[in-house]
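Okay, structure first, notes after.
Every value quoted in this text rests on a predicted model; they were computed, and no experiment measured them. Sequence positions, counted from 1, serve as the residue numbers for this chain.
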Amino acid sequence: MDSEVVLFGAGKRCKNLCRILRQTNIKIVSIIDSDPYKQGRRLEGYEISAPNKMKYYLYCNLCITVADYYTVNQIRRKLKDWYHYELDREISYNELIIKAYNENFEVNNMILNNIFYNKRESTILFDCCYGLDLGGIESWTIDLCGNLLKDGIKDIYIISDNGDYQVPELIEKQIICVDIEHDVGFSMSSILHITKNIMKRMPCKVVTRTTDEVMLAAYLIKKHYPDKIEVISVIHGGNERIYKEYIDFRECTDIYVAVSLDIKEEMISRGVESGKIYSMTCPFSCTPTLERNYTEDISLPIRIGYAGRMENSQKRMDLLVELIKVLEKKGICYYMELAGDGLAKKELENFIIYNKLCEKVCFLGRLERTDLPAFWKRQDICVNLADYEGRSISIIEAMGNGVVPVVTRTSGVREDILDGLNGYIVPLGDYHTMAARIAFLYRHREKLHMMGKLAHDVVYPKSLMEPHIEFWKKILNLK
């Protein structure tokens with residue numbers, strides 16, 4: 001790659017790149033955006049131009065900074081069809097950031113002149129640099145680290161930010177607090193702080209949770225000290241953008257752990273050696289024996305539950321609205337409880353109020369994890385309309401409590417759901433088929449007990465922490 005680049009998409013990621021590239025010899029020759037409202041404005045000192053300006057930069061490197069994979073593909077097609085841009089000169093967002101930091105004197109000088117390692121045994125560092133609010137990944141990290149500590153593995157730490165979090169007492173002293181600029185992705189300050197803290201604990205094994213600042217810091221250190229740091233990349237998400245981002249960092253990853261077989265197969269198809277990638281199921285709370293009741297009385301509303309983030313981009317709350325409309329048209333008598341929060345919640349609430357459905361749809365807000373088993377045991381059916389998941393812990397928890405899942409075909413569901421036997425899998429975006437499956441269960445309530453029990457029995461063996469701990473001891477090569 002030469003030292004000039006065009007940035008397409010004048011959003012937050014473009015702003016991050018402008019700040020990062022100022023400290024390198026890579027020159028931004030133009031920022032382009034399709035939004036007429038942005039054109040003519042300035043971003044970090046650069047004027048934003050319309051796409052037709054690409055005709056002047058056909059031989060420049062191009063970085064499409066947009067995060068959404070499908071939008072990126074649309075931009076690629078237009079660039080090729082309208083302006084005859086050769087896409088072999090495209091560089092991804094992560095690749096450009098890696099190149100920028102590879103050429104950054106301050107970071108590389110710090111790494112070369114701050115050698116701290118002086119011990120034989122490797123430290124284990126888990127990445128939670130976005131904080132320790134109890135989302136699924138954070139809960140998994142805390143539970144895993146806590147159990148490894150109980151087993152006598154001492155040198156285990158969690159890299160996090162300086163937030164104030166409620167964590168178990170056993171974990172409190174194992175948190176490495178690092179200054180993270182959350183509003184500026186991959187900032188110089190964040191990278192320097194994380195890099196210094198990793199180097200203090202070398203030799204080490206870094207368990208990453210996504211392609212974030214910890215991954216980049218580990219990459220930069222490993223370039224200089226390949227025998228002092230091992231990177232274990234846990235892949236929690238399953239879509240094209242995520243796969244591409246992990247491939248961008250393949251040079252530094254020693255082992256991949258995917259949360260589903262689907263993700264494992266997708267990464268192998270992209271060139272990852274089969275011997276370097278494993279799959280796992282995250283443990284969850286589940287009783288050995290299922291004890292619960294179902295709404296078998298046809299005169300009562302069937303109970304439908306959803307638990308998770310409320311957003312349109314991934315979770316498709318916009319399609320949940322459409323599902324409710326179809327259920328109404330079909331005359332299905334239902335009661336729906338929604339647990340969670342997010343940007344789409346207000347829009348969904350307004351729809352429910354406007355259509356006078358408040359007696360049928362209840363918003364519970366964000367529930368504590370300890371409250372989820374009781375929530376799921378009230379439900380007959382679990383719905384999930386997401387476009388992609390890693391492997392939805394919410395669906396598995398619902399099944400563990402005997403709920404019949406009716407969900408879209410996202411990563412991992414085929415490992416747990418036997419379509420038609422213990423739940424239903426529908427095509428992505430197909431809320432009409434989802435409504436038809438719900439209508440069938442509504443009219444055949446006798447199926448709920450049989451399907452719910454089978455749902456529990458399939459996932460219960462996967463819920464146990466003990467085999468999960470043994471799996472990670474092998475991955476980390478712990479005795």
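- Listed by chain and number, the residues in a side-chain hydrogen bond (donor to acceptor under 3.5 Å, both in side chains) with Asp127 amount to none (sequence neighbours excluded).
- Closest of all the heavy-atom pairs between Leu132 and Glu138 is CA-CG, 4.0 Å.
- A distance-only check finds no donor-acceptor pair linking the side chain of Asn94 to the backbone of Asp248 [under 3.5 Å].
- Atom CD of residue Glu349 and atom SG of residue Cys358 lie 9.0 Å apart, to the nearest 0.5 angstrom.
- Rounding to the nearest 0.5 Å places OH of Tyr306 at 6.0 Å from CG of Asn384.
- At a cut-off of 3.5 Å, with distance as the only test, no side-chain donor of Ser187 or Arg19 sits close to an acceptor on the other residue.
- Between the side chains of Tyr334 and Glu328, at least one donor-acceptor pair of N or O atoms lies under 3.5 Å.
- In the model, Thr410 has no side-chain atom that pairs as donor or acceptor with a side-chain atom of Glu389 under 3.5 Å.
- A donor atom on one side chain and an acceptor atom on the other are found under 3.5 Å apart for Asn108 and Lys223.
- Side chain to side chain, Arg13 and Asn16 fail the donor-acceptor criterion of an N or O pair below 3.5 Å.
- Lys473 places a side-chain heavy atom less than 4.5 Å from the side chain of Leu148.
- Below 30°, between 30° and 60°, or above 60°: for His468 and Phe471 the angle between ring planes is below 30°, a parallel geometry.
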